[in-house]
Participant: 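So that we are looking at the same thing, I have put the structure below in structure tokens.
Letters A, B, ... are given to chains in the order of the sequence lines, protein chains preceding strands, and every chain is numbered from 1. Source: prediction; values computed, not measured.
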Protein chains: 2
Amino acid sequence: MSSLTARQKQIVEHLKEHAAAGHAPSLRQLCAELGLRSPGSLHKHIRALTVAGLVERAPGRGIRLTAAALHDPDTLPLLGRIAAGRPIEAIGDQRRIHVPPELRGKGDCYVLEVRGDSMIEEGILDGDWVVVEHRDHARNGELVVALIDDAEATLKRIEQRPGAVILHAANPAYPPLRYEPRRVRVQGVVVGQMRRY
Amino acid sequence: MSSLTARQKQIVEHLKEHAAAGHAPSLRQLCAELGLRSPGSLHKHIRALTVAGLVERAPGRGIRLTAAALHDPDTLPLLGRIAAGRPIEAIGDQRRIHVPPELRGKGDCYVLEVRGDSMIEEGILDGDWVVVEHRDHARNGELVVALIDDAEATLKRIEQRPGAVILHAANPAYPPLRYEPRRVRVQGVVVGQMRRY
DNA sequence: TTTATTGTTCTCCTTTTGTTCTCTGATTTA
DNA sequence: TAAATCAGAGAACAAAAGGAGAACAATAAA
């Protein structure tokens with residue numbers, strides 16, 4: 001999106017209005033609305049936007065933006081990958097994932113991809129997506145994305161006591177981990193989870 | 001629904017009004033209402049909508065939309081609850097659940113709510129939703145909804161051999177269950193899973 | 001039976017749409 | 001200054017969509 005020309009950005013913005021109304025204009029219709037006189041000129045821009053993944057085409061079906069370009073309100077950004085004991089690994093291309101409203105929290109949410117089997121006791125497997133509500137504090141018993149010593153990320157149930165934060169694994173066979181409160185920073189609370197087979 | 005012509009969308013919208021009133025208009029009646037003069041022209045559109053699965057025809061019974069066309073295409077029906085060792089319990093009111101396209105199969109899909117902790121080894125917990133693609137056969141290794149002796153439902157990985165069907169639990173500590181093929185009926189294949197916290 | 005209605009198929013036509021091409025000018029970059 | 005990039009005009013063409021009208025078989029109604 002950042003490496004678009006001014007004209008291309010303008011076209012994307014204009015197409016958003018059409019998308020909001022549920023329309024998919026034709027080349028010549030767009031030409032008229034943008035003040036162009038040649039469909040050939042516009043076609044070059046549309047082709048550029050298509051290879052950039054912002055526009056979807058189907059022959060005879062007009063021009064429509066992809067979910068990625070729309071910032072489709074049904075989607076959330078896939079921010080990165082989380083593996084226990086490591087920092088959250090950011091993802092470059094910023095894919096967006098469809099998340100049903102049933103799995104969304106009230107506030108600002110994003111999606112993390114889980115790496116490794118360390119959360120298996122929580123029923124969260126390698127490759128799963130977790131939907132995280134961005135928060136800096138949690139209620140006891142919630143499943144949180146926690147950052148320990150600003151270095152290790154983990155997905156655990158939290159118990160906050162005066163003078164200590166305890167992170168529980170789901171499996172009672174594993175002992176809970178006890179930290180000083182200032183070492184643990186809550187990044188968000190897991191409000192949903194999805195898996196593809 | 002997204003790759004329809006403008007005309008086709010208009011026709012679907014118009015048919016929704018008829019559906020609400022319980023009518024199923026004939027071709028010529030629709031022609032008049034849409035301002036067309038030839039039933040042949042309209043027939044082309046209706047045929048396109050039929051192959052798209054939005055329109056049902058029965059000879060002499062007029063034109064009516066399918067259930068798929070009347071529902072929100074982003075949702076799937078919540079058919080019932082599944083608990084290991086019991087028949088699938090149907091749900092009366094037929095709620096529909098938003099299911100992201102990433103979690104959907106190609107064919108006909110529905111959602112089941114999982115009851116109990118019997119699938120916990122698969123990372124499927126009590127209360128989870130599984131997205132199931134309706135199929136009557138599966139490939140080895142797939143996670144299937146299987147009906148045993150037409151009575152017990154279960155969610156297991158399937159292995160089909162000549163003369164035997166083996167259902168594996170994820171936990172190797174539990175022995176796989178071996179059945180005669182005719183006792184096991186595949187109802188569908190799990191293609192996705194969702195959880196709310 | 002006759003009559004009307006309905007669904008279907010066919011050919012012909014017009015309009016719309018997407019695409020490619022060349023040419024021109026402006027702006028930026030090396 | 002020369003080259004590259006962006007933007008646009010205009011012409012031309014192929015494909016697709018949309019529609020008209022005629023014709024015909026099957027069915028339902030009179």
Participant: What residues form a side-chain contact (heavy atoms from CB on, under 4.5 Å) with Asp136(B), not counting sequence neighbours?
Facilitator: none
Participant: Grab the NZ-C1' distance between Lys9(B) and dA17(D) for me, whole Å please.
Facilitator: 15 Å
Participant: Please name all residues satisfying ring-ring contact (aromatic ring centres under 6.0 Å, His included) with His18(B), sequence neighbours left out, ordered by chain then number.
Facilitator: His14(B)
Participant: Would you check if the side chain of Arg195(A) reaches a backbone N or O of Gly123(B) as a donor-acceptor pair within less than 3.5 Å?
Facilitator: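 Yes, the answer is positive, given that a donor and an acceptor are paired below the 3.5 Å cut-off.
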Participant: In residues 39-50 of chain A, which residues come under 4.0 Å of DNA chain C by heavy atom?
Facilitator: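 Residues of residues 39-50 of chain A under 4.0 Å from DNA chain C: Pro39(A), Gly40(A), His43(A), Arg47(A).
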Participant: Output yes when at least one side-chain N/O atom of Arg7(B) is less than 4.0 Å from OP1 or OP2 of dG19(D), else no.
Facilitator: yes
Participant: Please name all residues satisfying side-chain contact (heavy atoms from CB on, under 4.5 Å) with Asp126(A), sequence neighbours left out, ordered by chain then number.
Facilitator: Arg115(A), Asp117(A)
Participant: Please give me every residue in residues 26-36 of chain A whose heavy atoms get under 4.0 Å of an atom in DNA chain C, ordered by residue number.
Facilitator: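 Heavy-atom cutoff 4.0 Å gives Ser26(A), Leu27(A), Arg28(A).
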Participant: If we only count heavy atoms from C-beta on, is the Leu143(B) to Val130(B) side-chain gap below 4.5 Å?
Facilitator: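 No, every pair of side-chain atoms sits at 4.5 Å or beyond.
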Participant: Where does the chain B footprint on DNA chain C start and end, counting 5' to 3' with a 4.0 Å heavy-atom cut-off?
Facilitator: dT6(C) to dT9(C)
Participant: State whether a side-chain donor-acceptor pair under 3.5 Å links His45(A) with Arg7(A).
Facilitator: no
Participant: dG21(D) base to Ser38(B) side chain: any donor-acceptor pair below 3.5 Å?
Facilitator: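 Looking at the base of dG21(D), it does pair with a donor or acceptor on the side chain of Ser38(B) (distance under 3.5 Å).
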